[in-house]
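Please see the structure below; I have some questions.
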Amino acid sequence: MVKLVREGTTFGQKDVIELLVEFSSFKDRVNKKFKEIAREFEGKSNEHDLWVNLYLIASDYAEEMQNRKAKQEMLSQKIG
């Protein structure tokens, strides 16, 4: 979707709101996860584990986005 926004494609208000809600929920999940991770590292200096956890968060998000895209494509094929 970012590529489409960069290219100047127009979106309806509903699409923009869905994008903002999706980003907001992702941001909330990341903040919550980092707070949990920060508690794990209190008194420790293990940077490797921090980067591993960051990677896991990012890969979870990427997987979620792929699943949503596949679901939307499947629904559009059923409609078409």
Side-chain angles (χ1 to χ4, degrees):
M1 176 161 282
V2 172
K3 184 177 180 183
L4 295 174
V5 172
R6 284 187 196 147
E7 293 174 355
T9 305
T10 59
F11 290 95
Q13 183 177 0
K14 181 182 176 188
D15 294 330
V16 172
I17 289 174
E18 286 177 6
L19 177 68
L20 292 174
V21 167
E22 181 180 313
F23 176 75
S24 178
S25 66
F26 170 69
K27 182 181 145 249
D28 292 342
R29 286 194 315 265
V30 169
N31 283 337
K32 180 182 176 188
K33 190 68 174 177
F34 271 109
K35 285 179 184 177
E36 292 171 9
I37 293 169
R39 275 188 243 117
E40 290 179 24
F41 287 108
E42 285 180 12
K44 299 178 185 175
S45 60
N46 192 344
E47 188 176 342
H48 173 74
D49 286 342
L50 177 63
W51 288 111
V52 168
N53 285 321
L54 178 60
Y55 169 77
L56 293 174
I57 291 169
S59 62
D60 286 348
Y61 179 69
E63 182 179 334
E64 182 179 320
M65 293 307 296
Q66 284 179 333
N67 291 340
R68 283 186 184 175
K69 183 178 178 183
K71 185 177 178 182
Q72 287 177 347
E73 288 175 357
M74 189 169 54
L75 289 174
S76 67
Q77 288 176 354
K78 286 183 180 179
I79 293 171

Please round to the nearest 0.5 Å and tell me the distance separating atom CD of Q66 and atom NZ of K69.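 If we round to the nearest 0.5 Å, Q66:CD and K69:NZ are 8.5 Å apart.
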
Between CZ of F26 and CG of D60, what distance do you get to the nearest 0.5 Å?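 One finds 9.5 Å between CZ of F26 and CG of D60.
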
Apart from I17 itself, which Ile, Leu, Val, Met, Phe, Trp or Tyr residues share its cluster (side-chain heavy atoms under 4.5 Å, direct or through members)?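 Members alongside I17: V21.
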
Considering only residues two or more places apart or on different chains, which pairs with a residue in residues 27-38 satisfy side chain to side chain donor-acceptor pair (under 3.5 Å)?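 Qualifying pairs: R29-E64.
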
